Number of protein chains: 2
Amino acid sequence: MNESFKALADPTRRQILRLLREKDRTAGEIADYFNMSKPSISHHLNALKHAGLVQDERQGQFILYSLDTTVLEEVLGWFLEFTGTGKESETPSSTEPKPKQSKEKNKEVD
Amino acid sequence: MNESFKALADPTRRQILRLLREKDRTAGEIADYFNMSKPSISHHLNALKHAGLVQDERQGQFILYSLDTTVLEEVLGWFLEFTGTGKESETPSSTEPKPKQSKEKNKEVD
DNA sequence: TCGATATTTAAATAATTATCTAAATATATA
DNA sequence: TATATATTTAGATAATTATTTAAATATCGA
């Protein structure tokens, strides 16, 4: 989930998602929308892919990218739970009822 | 909006928001939940504040932080629009119908 | 006013991320 | 098979962000 948040924290990457929302596109086609080298776009696409936000599929010479909404909806869920718009099932409760100086490594919660 | 996304892209900051969701807390109280120096937490609180995600108010010696859900709901809106869960009003359309190599600086869209 | 507590700001450094050019890989086609 | 096209990987560097310790600021209470 952290990967997804980090992937979304970049304007270029959000723009790419927007482009893919319209239709699937090849890496080169995507790159043409930006003033940035193709390797840089490739790097961003890779970040999105690792976050599970897009999928890629080779089609001959080209590599076609498409949106994967699954993870996106998980993140949406995070916001719904947070803003209280969603179902009121889970009682919100922080990691510990009382402040504590645990020296343990932060365990990923979201 | 970019500020908000960047602010949300950090586990510590998301945890802080979670803590503030339960109730308002002072900077020190928040810091006690983390294995991190107070200046670091102060830095994160500042990031959240700049993003408009939290507010602060001095109360005597202490500074009380509270959640500001306004921006959070804007971000939620972004996701709703994106995942198509929201109102179908706006026709999705990328910046340009056809790819173009504009050398202009990226104008912030979201 | 002085000393203690709460918090932030400053300055330095470490860690992460973004970006580029050049080279490598994969596929298509002449 | 050789050449061109599409894309990624490598390696280097620049830019941003996170973190720490030390110092500064603000408030409280004796």
Side-chain angles (χ1 to χ4, degrees), chain A residues 1-17 19-20 23-51 53-66 99 101-106 108, chain B residues 1-17 19-20 23-51 53-66 99 101-106 108:
Chain A
M1 193 84 163
N2 188 37
E3 288 276 309
S4 319
F5 273 106
K6 284 199 294 184
L8 288 164
D10 180 285
T12 301
R13 290 195 286 261
R14 289 197 301 277
Q15 181 74 43
I16 290 174
L17 292 180
L19 290 169
L20 292 179
K23 64 176 186 198
D24 298 354
R25 297 177 197 263
T26 67
E29 194 178 350
I30 293 167
D32 286 339
Y33 279 88
F34 301 91
N35 309 326
M36 206 177 285
S37 71
K38 284 175 195 230
S40 291
I41 295 297
S42 183
H43 160 261
H44 285 304
L45 286 170
N46 196 45
L48 290 168
K49 187 173 154 189
H50 268 92
L53 293 166
V54 306
Q55 293 178 335
D56 63 345
E57 182 192 1
R58 179 172 280 276
Q59 291 207 347
Q61 244 176 328
F62 306 86
I63 293 179
L64 193 63
Y65 280 87
S66 59
Q101 277 268 53
S102 96
K103 288 300 176 190
E104 298 154 35
K105 205 171 187 64
N106 264 347
E108 280 298 339
Chain B
M1 193 83 162
N2 188 38
E3 288 276 311
S4 318
F5 273 107
K6 283 199 293 184
L8 288 164
D10 180 285
T12 300
R13 290 193 288 260
R14 289 197 301 278
Q15 182 74 43
I16 290 174
L17 293 180
L19 289 170
L20 292 179
K23 64 175 185 200
D24 299 354
R25 294 177 199 263
T26 68
E29 195 178 350
I30 293 167
D32 285 341
Y33 280 89
F34 301 92
N35 310 325
M36 205 176 286
S37 70
K38 283 172 194 230
S40 291
I41 295 298
S42 184
H43 160 262
H44 285 304
L45 285 170
N46 196 45
L48 290 169
K49 187 173 153 189
H50 268 92
L53 292 166
V54 306
Q55 294 177 336
D56 63 346
E57 181 193 0
R58 179 173 280 276
Q59 291 208 346
Q61 246 176 326
F62 306 86
I63 293 180
L64 193 64
Y65 280 87
S66 59
Q101 277 267 56
S102 95
K103 287 298 175 192
E104 297 155 36
K105 206 171 186 63
N106 261 348
E108 279 297 338

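Just so you know, these numbers come straight off a predicted model, no measurement behind them. Note that these values count all heavy atoms, side chains included, but never hydrogens, waters or copies made by symmetry.
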Heavy-atom side-chain proximity of A/Ile41 to A/Tyr33 below 4.5 angstrom: no
Result for 5'-nearest mapping on DNA chain C, choosing between A/Gln59 and B/Leu45, is B/Leu45
Spacing of A/Glu57 atom CD relative to C/dT27 atom C1', expressed in whole Å: 15 Å
Would you kindly give the CG-to-P distance between A/Asp56 and C/dA26, to the nearest whole Å? 15 Å
Length of the line joining B/Lys49:NZ and C/dT7:P, which is rounded to integer Å: 13 Å
Any residue meeting side chain to side chain donor-acceptor pair (under 3.5 Å) with A/His44, in chain and number order, not counting sequence neighbours: A/Arg13
Spacing of A/Arg58 atom CZ relative to D/dT8 atom C1', expressed in whole Å: 9 Å
Do A/Leu20 and A/Leu53 make a side-chain contact, defined as non-hydrogen atoms from C-beta onward lying under 4.5 Å apart? no
In the structure I gave you, are the side-chain heavy atoms of B/Leu19 and B/Tyr65 within less than 4.5 Å of one another anywhere? no
Using a cut-off of strictly less than 4.0 Å, decide whether A/Tyr65 has a side-chain nitrogen or oxygen near OP1 or OP2 of D/dA6. no
Whole angstrom is fine here: how far is it from CD1 in B/Ile16 over to C1' in C/dT7? 14 Å
For B/Phe5 and C/dT17, what is the distance between atoms CZ and P respectively, to the nearest whole Å? 18 Å
What is the separation between atom CD1 on A/Ile30 and atom P on D/dT7, rounded to the nearest whole Å? 9 Å
Ignoring backbone atoms, test whether B/Ser42 places a side-chain nitrogen or oxygen under 4.0 Å from the OP1 or OP2 oxygen of C/dT9. no
Sorted by first residue and then second, give each salt bridge (Lys or Arg N to Asp or Glu O under 4.0 Å) pair with at least one member in residues 35-51 of chain A; sequence neighbours left out. A/Lys49-A/Asp56
A/Arg14 versus B/Asn2: any side-chain heavy-atom pair under 4.5 Å? yes
Pairwise N/O distances under 3.5 Å, protein to nucleotides 18-20 of chain D:
residue : atom : partner : partner atom : Å
D/dA18  : OP1  : B/Arg13 : NH1          : 3.2
D/dA18  : OP1  : B/Arg13 : NH2          : 3.1
D/dT19  : OP2  : B/His44 : NE2          : 2.6
D/dT20  : OP2  : B/Ser37 : N            : 3.0
D/dT20  : OP2  : B/Ser37 : OG           : 2.9
D/dT20  : OP2  : B/Ser40 : OG           : 2.7

Could you state the atom-to-atom distance from CG of B/Leu48 to P of D/dT17 in whole Å? 14 Å
The answer to which of B/Phe62 and A/Gln61 contacts DNA chain C further toward the 5' end, by nearest nucleotide, is B/Phe62
Which heavy atom of A/Leu64 sits nearest to which heavy atom of A/Thr26, and what is that distance? CD1-N, 3.7 Å
